[in-house]
A.B. asks: 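First the structure, then my questions, so here it is.
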Amino acid sequence: MAVPAARTPRTGWQCVSADGRFEVRLTRAPEDIAAAQRLRYRVFYEEMAAEPSPEMAQLGLDFDQFDRLCDHLMVFDRNRPEGEQAVGTYRLLRREVAALHGGFYSSSEYDLQPMLDFVGPRGGLLELGRSCVHREYRTNATIQLLWRGISTYIADHGISFMFGCASFPGTNPQDHALALSYLHAHHLPPPEWRVRALPERYVPMDLLPADQINPRAALHALPPLIKGYLRLGAYIGDGAVIDQQFGTTDVFILLPVERIAPKYQNRFSPDEGLVLTEYHA
């Protein structure tokens, strides 16, 4: 996929599937953000092992200071009851927005400077975060809807690099020694723009000798989201990070848009199979 030239950005839009059931929406509307926060709370804190603050637990919402800065990409199933229709979400933070508000979320775990220097001051960077899909909707169809939305966003803003953190469950890296070692051995980016975990948070990923890494078994052990990023052409940063709040072992994902594998280009092409209209909060 060639790096697109930016077109006139849309502050909000919605794409509806041909049968009218599913909607992909780019939004900053407070009620939509609240729906994303409820979905994230259900998945991260009720289903997984994250530890909510007392305020989060009282409200049943996952939130932080980045929610008000980001664009929110969401998938809705219109066949579900009112208030329960949000089934997938991504949080999107562009470089120019992050620069005005103290930087990227992932800079608390990784030194992003090599990537920033390589891309240059005018390079289009997009941080993907808080990816979350309802338990009943973790299918290729839902992922494709989210990525078609991301592709539309990329085209609107001339994005050349996407990045963010993805997670393994649990806080013991040894539980994922095979998968982490495989990622370190086969998927590091070039040294000149290799993002590395901050020294105080760095956890080695090369836990096994190279001759003990079975690539087939390692791929099978990867979480589906990380495996999906690799299929698209992503690199993995140097070093894992333990996130105690979320109960995860994080790795850094870096995906140059131009590396997206050709066989996925049509599948994730902007607006493909969807009717795009403006959306105003």
A.B. asks: Checking R259 against Y235: is there a side-chain donor and acceptor pair closer than 3.5 Å?
C.D. replies: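 Present: a donor and an acceptor within the cut-off.
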
A.B. asks: Just one of D250, T248, L222 clears the side chain to side chain contact (heavy atoms under 4.5 Å, CB included) bar with F168, so which one?
C.D. replies: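 It is L222, the one option of D250, T248, L222 that forms the side chain to side chain contact (heavy atoms under 4.5 Å, CB included) with F168.
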
A.B. asks: How close do I213 and A185 get, heavy atom to heavy atom, and via which atoms?
C.D. replies: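 Where I213 meets A185 most closely, the heavy atoms are CD1-CB, 4.0 Å.
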
A.B. asks: Which heavy atom of G123 sits nearest a heavy atom of S160, and at what distance?
C.D. replies: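 So the two residues come closest at C-OG, 4.3 Å.
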
A.B. asks: Under 3.5 Å, is there a donor on one side chain and an acceptor on the other for Y153 and R94?
C.D. replies: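 A pair is found: one side chain offers a donor N or O, the other an acceptor, under 3.5 Å apart.
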
A.B. asks: What are the two closest heavy atoms between H72 and C70, and how far apart are they?
C.D. replies: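 Between these two residues, the closest heavy atoms are CD2-O, 3.3 Å.
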
A.B. asks: Under a 3.5 Å cutoff, is there a donor and acceptor pairing between the side chains of Q245 and Y45?
C.D. replies: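 Note: Q245 and Y45 side chains meet the donor-acceptor criterion.
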
A.B. asks: Please check if the distance between the ring centroids of Y182 and H187 is under 6.0 Å.
C.D. replies: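 Between Y182 and H187, the centre distance is under 6.0 Å.
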
A.B. asks: Is it possible for you to say whether L69 and F63 belong to one hydrophobic cluster, with membership spreading through side-chain heavy-atom contacts below 4.5 Å?
C.D. replies: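 They do share one cluster, since a chain of ILVMFWY contacts under 4.5 Å joins L69 to F63.
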
A.B. asks: Looking at E46, I'd like to know if its CD atom is crowded, meaning that more than 12 non-hydrogen atoms belonging to other residues, nucleotides or ligands lie closer than 6.0 Å.
C.D. replies: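 Yes, the 6.0 Å shell around CD holds more than 12 heavy atoms from other groups.
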
A.B. asks: Between F163 and Y110, is the ring centre distance below 6.0 Å?
C.D. replies: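 Centroid separation for F163 and Y110: 6.0 Å or greater.
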
A.B. asks: Taking the side chain as every heavy atom from C-beta outward, state whether D238 and H184 have any pair of such atoms under 4.5 Å apart.
C.D. replies: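 A side-chain contact under 4.5 Å exists here.
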
A.B. asks: So if I apply the side chain to side chain contact (heavy atoms under 4.5 Å, CB included) rule between L125 and each of M115, H157, E96, which one comes out positive?
C.D. replies: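 The single option meeting the side chain to side chain contact (heavy atoms under 4.5 Å, CB included) with L125 is M115.
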
